[in-house]
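A quick write-up on the structure given underneath.
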Amino acid sequence: NTTIMLVTHTTQLVASFVDHVFVMEKGELVFAGTPQGLFTNLPDINTKAIEQPEMLKIVNQINLKQERKMLPFLTVEKLHAALDGQKESA
């Protein structure tokens with residue numbers, strides 16, 4: 001097993017490559033969990049320094065306009081994989 005510690009403000013890197021996230025705000029730990037948990041609960045987390053990844057912003061905009069909601073995909077690759085899985089099961 002290998003652990004790599006990545007310090008970044010680039011949310012797309014976090015969404016694409018990270019399994020576990022720690023968020024610090026003014027020296028205090030305000031979140032520990034998965035990227036999915038972080039970005040889908042961002043309004044509840046006490047930080048203003050993090051934005052949602054672009055893919056999640058797109059999904060949220062689509063969900064505002066349709067009755068059947070999309071899952072909160074963080075990356076284009078994850079959305080593509082899910083759509084491929086739906087095609088195979090149909």
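Nothing fancy with the numbering, it's 1 onward along the sequence. Bear in mind that the values here come from a model prediction, so they are computed numbers and not experimental data.
- In this view, Glu25 satisfies the salt bridge (Lys or Arg N to Asp or Glu O under 4.0 Å) rule with no residue, not counting sequence neighbours.
- Applying the side chain to side chain donor-acceptor pair (under 3.5 Å) criterion to Asn63, with sequence neighbours excluded, gives no partner residue.
- Within the model, atoms CD1 of Ile45 and CD1 of Ile50 stand 7.0 Å from one another, a figure rounded to the nearest 0.5 Å.
- With sequence neighbours excluded, the residues satisfying side-chain contact (heavy atoms from CB on, under 4.5 Å) with Val18 are Leu6, Val14, Val21, Pro35.
- The distance from atom CG of Leu42 to atom CD of Gln52, rounded to the nearest 0.5 Å, is 6.0 Å.
- Counting heavy atoms of neighbouring residues, nucleotides and ligands inside a 6.0 Å radius, atom CD of Glu28 does not exceed 12 of them.
- Between the side chain of Thr8 and the main chain of Thr10, a donor-acceptor pair closer than 3.5 Å is present.
- The side chain to side chain donor-acceptor pair (under 3.5 Å) analysis of residues 30-43, with sequence neighbours excluded, yields no pairs.
- Applying the salt bridge (Lys or Arg N to Asp or Glu O under 4.0 Å) rule to Glu54 yields the partners Lys57; only residues at least two apart in sequence or on another chain are considered.
- Asn60 contributes atom CG, which lies 12.0 Å from atom CZ of Phe39 (distance to the nearest 0.5 angstrom).
- Applying the side-chain contact (heavy atoms from CB on, under 4.5 Å) rule to Ile58 yields the partners Ile62; only residues at least two apart in sequence or on another chain are considered.
- By the side-chain contact (heavy atoms from CB on, under 4.5 Å) test, His80 pairs with Asp84, sequence neighbours left out.
- With sequence neighbours excluded, the residues satisfying side-chain contact (heavy atoms from CB on, under 4.5 Å) with Phe17 are Leu13.
- Within 6.0 Å of the CD atom in Glu51, the count of heavy atoms belonging to other residues, nucleotides or ligands does not exceed 12.
- In this structure, Thr3 has no side chain to side chain donor-acceptor pair (under 3.5 Å) partners at least two apart in sequence or on a different chain.
- The other members of the hydrophobic cluster of Phe22, by chain and number, are Met24, Leu29 (side-chain heavy atoms under 4.5 Å, ILVMFWY only).
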